[in-house]
Amino acid sequence: MGRRILNDALRSMVNAERRGKAAVELKPISTVISSFLQIMKNRGYVKNFEVYDPHRVGRITVELQGRINDCKALTYRQDLKARDIEAYRLKTLPTNQWGYVVISTPDGVLDHEEAIRKNVGGQVLGYFH
């Protein structure tokens with residue numbers, strides 16, 4: 001597990017979504033996972049999520065909505081400047097209409113639209129569509 005905590009959590013969400021599950025439990029957790037899920041919730045890809053006992057091992061229960069087609073985390077955390085975000089999004093996502101790239105910036109974890117609006121760059125955490 002180790003360094004791939006975010007990727008394992010996102011892949012288990014995609015697998016549960018493909019099997020038609022209504023909810024999935026994620027273990028172990030981190031603050032990056034909860035920030036990623038908050039962006040997914042704000043964009044309407046996840047109904048709700050609850051964090052249980054975050055000070056110990058903890059777990060997150062996520063209520064799925066049925067909108068996630070694919071969701072991946074990058075293990076190499078590629079650096080992006082603010083002006084390169086749109087080109088990266090066009091290269092990574094399958095279409096222009098939907099999907100978001102999640103970026104860790106000095107202003108916190110943001111999706112690509114917020115990062116472009118605030119004109120900040122950072123490291124790419126992953127994407128979902």
Side-chain angles (χ1 to χ4, degrees):
M1 189 137 310
R3 294 171 43 108
R4 302 184 333 231
I5 292 174
L6 178 62
N7 194 33
D8 291 343
L10 297 179
R11 294 314 302 168
S12 62
M13 285 174 47
V14 170
N15 291 338
E17 190 85 63
R18 288 183 179 160
R19 291 181 180 200
K21 304 276 185 183
V24 64
E25 187 174 284
L26 307 175
K27 289 195 294 194
I29 64 171
S30 68
T31 56
V32 174
I33 294 174
S34 59
S35 300
F36 203 101
L37 287 172
Q38 186 64 43
I39 291 173
M40 291 180 80
K41 180 182 174 187
N42 291 342
R43 298 299 179 179
Y45 283 78
V46 170
K47 281 184 188 174
N48 198 7
F49 68 95
E50 290 186 31
V51 180
Y52 298 103
D53 198 15
H55 300 293
R56 304 184 100 197
V57 174
R59 69 183 193 274
I60 298 176
T61 303
V62 181
E63 295 177 31
L64 301 173
Q65 192 158 329
R67 276 192 71 191
I68 301 173
N69 292 325
D70 196 15
C71 193
K72 289 190 180 174
L74 302 180
T75 55
Y76 50 89
R77 301 271 172 99
Q78 182 177 355
D79 291 332
L80 272 185
K81 295 180 181 175
R83 64 176 179 262
D84 300 334
I85 292 174
E86 187 64 25
Y88 183 83
R89 182 189 71 85
L90 291 172
K91 183 178 78 171
T92 305
L93 296 176
T95 182
N96 292 336
Q97 282 87 21
W98 66 83
Y100 296 93
V101 176
V102 180
I103 303 168
S104 175
T105 67
D107 293 346
V109 178
L110 306 173
D111 60 10
H112 69 273
E113 291 178 353
E114 286 280 326
I116 290 171
R117 192 173 315 124
K118 291 184 177 184
N119 196 26
V120 293
Q123 293 183 329
V124 177
L125 294 178
Y127 62 89
F128 60 93
H129 58 89

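Note that the structure is a prediction, hence the values are computed from the model and not measured.
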Should Ser12 and Leu26 count as side-chain neighbours, where that means a heavy-atom distance under 4.5 Å? yes
What heavy-atom pair brings Ile85 and Val120 nearest, and what distance separates the two atoms? CD1-O, 3.5 Å
Under 3.5 Å donor-acceptor pairs involving side-chain atoms of residues 121-129, not counting sequence neighbours:
{"residue": "Gln123", "atom": "NE2", "partner": "Asp79", "partner atom": "OD1", "Å": "3.2"}

With hydrophobic residues grouped by side-chain heavy-atom distances under 4.5 Å, do Met40 and Val51 end up in a single group? yes
Is Leu64 reachable from Leu6 through a run of hydrophobic residues whose side-chain heavy atoms are each under 4.5 Å from the next? yes
How close do Tyr45 and Gly99 get, counting heavy atoms only, and between which atoms? OH-N, 3.6 Å
For Ile68 and Met13, which heavy atoms make the closest approach, and how far apart are they? CD1-CE, 3.7 Å
With rounding to the nearest 0.5 Å, note down the distance linking CZ in Arg83 to NZ in Lys81. 4.5 Å
Of all heavy-atom pairs linking Ile5 and Pro28, the shortest is CG2-O, 3.7 Å
NZ of Lys21 to CG of Asn15: how many Å apart, nearest 0.5 Å? 11.0 Å
Quick check for you: to the nearest 0.5 Å, what is the distance between His112 atom NE2 and Arg117 atom CZ? 10.0 Å
Begin from the C-alpha positions of Tyr52 and Glu50 and carry the test side chain to side chain donor-acceptor pair (under 3.5 Å) through to its verdict. CA-CA 6 Å; Tyr52 298 103; Glu50 290 186 31; 2.9 Å; yes
Under 3.5 Å, side chain of Arg11 to main-chain N/O of Lys72, donor-acceptor pair present? no
Backbone of Arg89 reached by a side-chain donor or acceptor of Thr92 within 3.5 Å: no
Given side-chain contact (heavy atoms from CB on, under 4.5 Å), test Val46 with Glu63 step by step and report yes or no. CA-CA 6 Å; Val46 170; Glu63 295 177 31; 5.6 Å; no
Separation between CG (Leu80) and OG (Ser104), nearest 0.5 Å, reads 11.5 Å
Val102 side chain near Val109 side chain, heavy-atom distance below 4.5 Å: yes
Any side-chain heavy-atom pair of Phe36 and Leu10 under 4.5 Å: yes
Pairing of Asp111 and Arg43 as salt bridge, 4.0 angstrom limit: yes
hydrophobic_cluster_shared for Leu90 and Ile103, side chain cutoff 4.5 Å: no
d(Glu25 CD, Arg59 CZ) to nearest 0.5 Å is 5.0 Å
Look at the side-chain heavy atoms of Ile, Leu, Val, Met, Phe, Trp and Tyr, link any pair under 4.5 Å apart, and say whether Trp98 and Leu110 land in one connected group. no
Heavy-atom pair with the smallest gap, counting every atom of Leu93 and Tyr100: CD1-N, 3.8 Å
Ile116 vs Glu86 side-chain heavy atoms within contact, under 4.5 Å: yes
